[in-house]
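Below is one structure, written out as structure tokens; the observations come after it.
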Number of protein chains: 2
Amino acid sequence: MATPRFDIIGQAIADASRTRMLCELMEGRSFTNKELASAAGVTPQTASAHLRLLQDAGLVVAEKRGRCVFHRLSGPEVAQALEQLAAIAPMDSLYRAQRRKAGGLAQVRSCYDHLAGPVAVAMTDALIARGHLREEGGGFHPVAGEIWAGLGVCLPDRVMRAPFARPCMDWTERRLHIAGPMGRQILTHALEAGWLRRPLRGRGLEVTTPGHRALAERLGLGSALAGLSGLKSCEEA
Amino acid sequence: MATPRFDIIGQAIADASRTRMLCELMEGRSFTNKELASAAGVTPQTASAHLRLLQDAGLVVAEKRGRCVFHRLSGPEVAQALEQLAAIAPMDSLYRAQRRKAGGLAQVRSCYDHLAGPVAVAMTDALIARGHLREEGGGFHPVAGEIWAGLGVCLPDRVMRAPFARPCMDWTERRLHIAGPMGRQILTHALEAGWLRRPLRGRGLEVTTPGHRALAERLGLGSALAGLSGLKSCEEA
DNA sequence: CTGAGACTTCGGCGCTGGGCGAAGTGTTTG
DNA sequence: CAAACACTTCGCCCAGCGCCGAAGTCTCAG
């Protein structure tokens, strides 16, 4: 029989430790062996074996700089496939408790190359409610040019000609939100405009004061952002 | 850490036998234990264990009718996730040889709920070349109404209002083709109009004589269909 | 009722693979 | 050069799982 070798990918993601590493890597940044070992709760030598396996499966690429090795997902297709899996995978049972404890954790975060978390879902809802975006047939369609006006963003023609919004199932919200090229542009712009900032330490993204104002004024997200003023990223224990 | 349990899905697809079963199930129909055991090359009792596992992972549902149990993928999300994985998974090395031997096998087939195979790819290309479909930002966009005229198909308003075409990476061609709601409509129509037929035995779909004529005249696919006249589905060995 | 067929359960075998401690390699710092 | 550090390799232990033969359950045909 002619078959794609799902099993090779399956082997790679079949282990809980590797799953945790991949979830970490979904943030889009590079991570060192040590960071990923800590995220997975194993020793560095075990993590090393896992990462080698993930590399062999083609999910992860490594780059050596000095005495450090930086690992990241090998491409957007991988992130997209993992997202798709997350849509059908059960959630970690520890999740709900942890989320309560962690508070603001993951309110805003990056999902490989676009925004995710409750705020991203709220943004998508607001864009639809205001007529800037249309949901149909399982996809998001921008109402020509409108979406950019809604965000108050000026974008290059190249992007205007390819404003395709791929839906993405959020891990925590289980709701669709904007991914794809448009999602990437929104994240990029939000970072460039200073609405969001990657904190030096820890996970997630910080909403800056101008970011608060912009999202509240342009999309009416004041209430969704209510608990976030001065939000610092939260660490576990 | 809050994580989706990729590993549960991973465990389920981590085995080559289960991979073969899933590929079989991707056709979209229901299959019995015995059929799937044969497809995977294992005994029925082993297949039974595998299917139980796939069921526990939520990938497959079983329906008991009389003394037979029919298994099928639990939903479109599963098929979509598997497609996405196929895009990043290496192909079975036996594949190329088998494909040559099998000849017409898989020239046209269903991929869960839409068309796949070389002919589906050619259809997509033809629709783009003729201006009925636009590819941008990683998605396909119908040029309003035109695609249906191109296919000579009259479809309900409901579909016209939601003509979203999700791209799908074909297993064999490694090329994008039409999936999503539009893909489902195209497959449904092709079956209803008698252009395609599910053979009683064997895999894939048959292109009927009217189907040949319709695709050649409307989309200029005469050459793509050249080797297929009177095509019967091919069995292995 | 009896036999055949589809499927599942059970038990046992053998292999694979995750885990860590200890030791090794290469790089940066002092 | 020596010490610190990041990472990898090696060797070992043990749990888990794929596989099949044999036996059991359920359903249908005669």
Side-chain angles (χ1 to χ4, degrees), chain A residues 1 3 5-25 29-72 74 92 201, chain B residues 1 3 5-25 29-72 74 92 201:
Chain A
M1 252 294 288
T3 62
R5 297 292 306 274
F6 290 147
D7 56 318
I8 290 181
I9 307 290
Q11 284 287 357
I13 62 175
D15 178 79
S17 299
R18 285 194 290 270
T19 289
R20 287 183 222 114
M21 291 182 179
L22 286 171
C23 288
E24 200 74 8
L25 288 162
R29 299 170 20 218
S30 291
F31 292 83
T32 64
N33 182 333
K34 210 175 183 181
E35 287 174 309
L36 293 171
S38 145
V42 295
T43 58
Q45 60 268 40
T46 301
S48 183
H50 284 312
L51 284 165
R52 181 189 182 79
L53 206 156
L54 289 172
Q55 230 173 303
D56 289 347
L59 300 182
V60 159
V61 290
E63 189 185 346
K64 194 164 181 177
R65 281 206 296 266
R67 63 181 162 185
C68 290
V69 181
F70 290 89
H71 302 269
R72 59 184 165 80
S74 60
D92 190 326
R201 265 189 66 71
Chain B
M1 250 296 290
T3 63
R5 297 292 305 272
F6 292 147
D7 54 318
I8 290 181
I9 309 289
Q11 283 287 357
I13 62 175
D15 179 78
S17 300
R18 285 193 291 270
T19 290
R20 287 182 222 115
M21 291 182 179
L22 287 171
C23 287
E24 200 74 6
L25 289 162
R29 297 171 22 218
S30 290
F31 292 83
T32 64
N33 182 334
K34 211 176 183 181
E35 289 174 306
L36 293 171
S38 145
V42 295
T43 58
Q45 61 270 37
T46 301
S48 184
H50 284 312
L51 284 165
R52 181 190 182 78
L53 207 157
L54 289 172
Q55 229 172 303
D56 290 345
L59 299 182
V60 160
V61 291
E63 189 187 345
K64 194 164 182 177
R65 281 205 296 266
R67 62 181 160 181
C68 291
V69 180
F70 291 89
H71 302 270
R72 60 184 165 80
S74 60
D92 190 326
R201 265 188 64 71

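Just so it is clear: chains get the letters A, B, ... in the order the sequence lines come, proteins before strands, and each one is counted from 1. Quick caveat: nothing in here was measured; it's all calculated off a predicted structure.
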Side-chain donor-acceptor distances from residues 33-49 of chain A under 3.5 Å, at least two apart:
unit_1   : atom_1 : unit_2   : atom_2 : d
Glu35(A) : OE1    : Thr32(A) : N      : 2.8
Glu35(A) : OE1    : Thr32(A) : OG1    : 3.4
Thr43(A) : OG1    : Gln45(A) : OE1    : 3.4
Thr43(A) : OG1    : Thr46(A) : OG1    : 3.1

Return the polar atom pairs (N/O with N/O) between nucleotides 21-26 of chain D and the protein under 3.5 Å, or none.
unit_1  : atom_1 : unit_2   : atom_2 : d
dG21(D) : N7     : Gln45(B) : NE2    : 2.6

Which whole-number value in Å describes the distance from [X] [atom1] to [N] [atom2]?
X: Lys34(A); N: dA4(D); atom1: NZ; atom2: C1'; result: 11 Å
X: Phe70(A); N: dC7(D); atom1: CZ; atom2: C1'; result: 12 Å
X: Leu51(B); N: dT9(C); atom1: CG; atom2: P; result: 12 Å
X: His71(A); N: dA6(D); atom1: NE2; atom2: C1'; result: 10 Å
X: Leu54(A); N: dC7(D); atom1: CG; atom2: C1'; result: 16 Å
X: Asn33(A); N: dC5(D); atom1: CG; atom2: P; result: 16 Å
X: Leu36(A); N: dT8(D); atom1: CG; atom2: P; result: 11 Å
X: Met21(A); N: dC7(D); atom1: CE; atom2: C1'; result: 13 Å

| message | Nearest 0.5 angstrom please: Ile13(A) CD1 to Ile8(A) CD1, how far? | response |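 Atom-to-atom, Ile13(A):CD1 and Ile8(A):CD1 are 12.5 Å apart.
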
| task | Look up atom CD in Glu24(B) and atom CZ in Arg29(B), then write down how far apart they are to the nearest 0.5 Å. | result |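 Between atom CD of Glu24(B) and atom CZ of Arg29(B) there are 7.5 Å.
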
| message | My understanding is that only residues two or more places apart in sequence, or in another chain, count here; which of them pass side-chain hydrogen bond (donor to acceptor under 3.5 Å, both in side chains) with His50(B)? | response |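 In terms of side-chain hydrogen bond (donor to acceptor under 3.5 Å, both in side chains), with neighbours along the sequence ignored, His50(B) is linked to Arg18(B).
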
| said: So which atom in Asp7(A) and which in Ala16(B) form the shortest heavy-atom distance, rounded to 0.1 Å? | reply: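 Looking at all heavy atoms of both residues, the shortest contact is OD2-CB, 3.6 Å.
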
Protein and nucleotides 11-18 of chain C: nitrogen or oxygen contacts under 3.5 angstrom:
unit_1  : atom_1 : unit_2   : atom_2 : d
dG18(C) : OP1    : Arg18(A) : NH1    : 2.8
dG18(C) : OP1    : Arg18(A) : NH2    : 2.9

| said: Evaluate Leu22(B) against Thr19(B) for side chain to side chain contact (heavy atoms under 4.5 Å, CB included), listing each step before the verdict. | reply: CA-CA 5 Å; Leu22(B) 287 171; Thr19(B) 290; 5.7 Å; no

For residues 55-65 of chain B, run the donor-acceptor check on the side chains, cut-off 3.5 Å, and write out each pair with its distance to 0.1 Å, sequence neighbours left out.
unit_1   : atom_1 : unit_2   : atom_2 : d
Glu63(B) : OE2    : Arg65(B) : NH1    : 3.3

| request: Check salt bridge (Lys or Arg N to Asp or Glu O under 4.0 Å) between Asp15(B) and all other residues, then give those that pass, not counting sequence neighbours. | output: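 None.
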
| said: Between Arg65(B) and Pro44(A), which residue's closest nucleotide on DNA chain D lies nearer the 5′ terminus? | reply: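 Result of the comparison: Pro44(A).
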
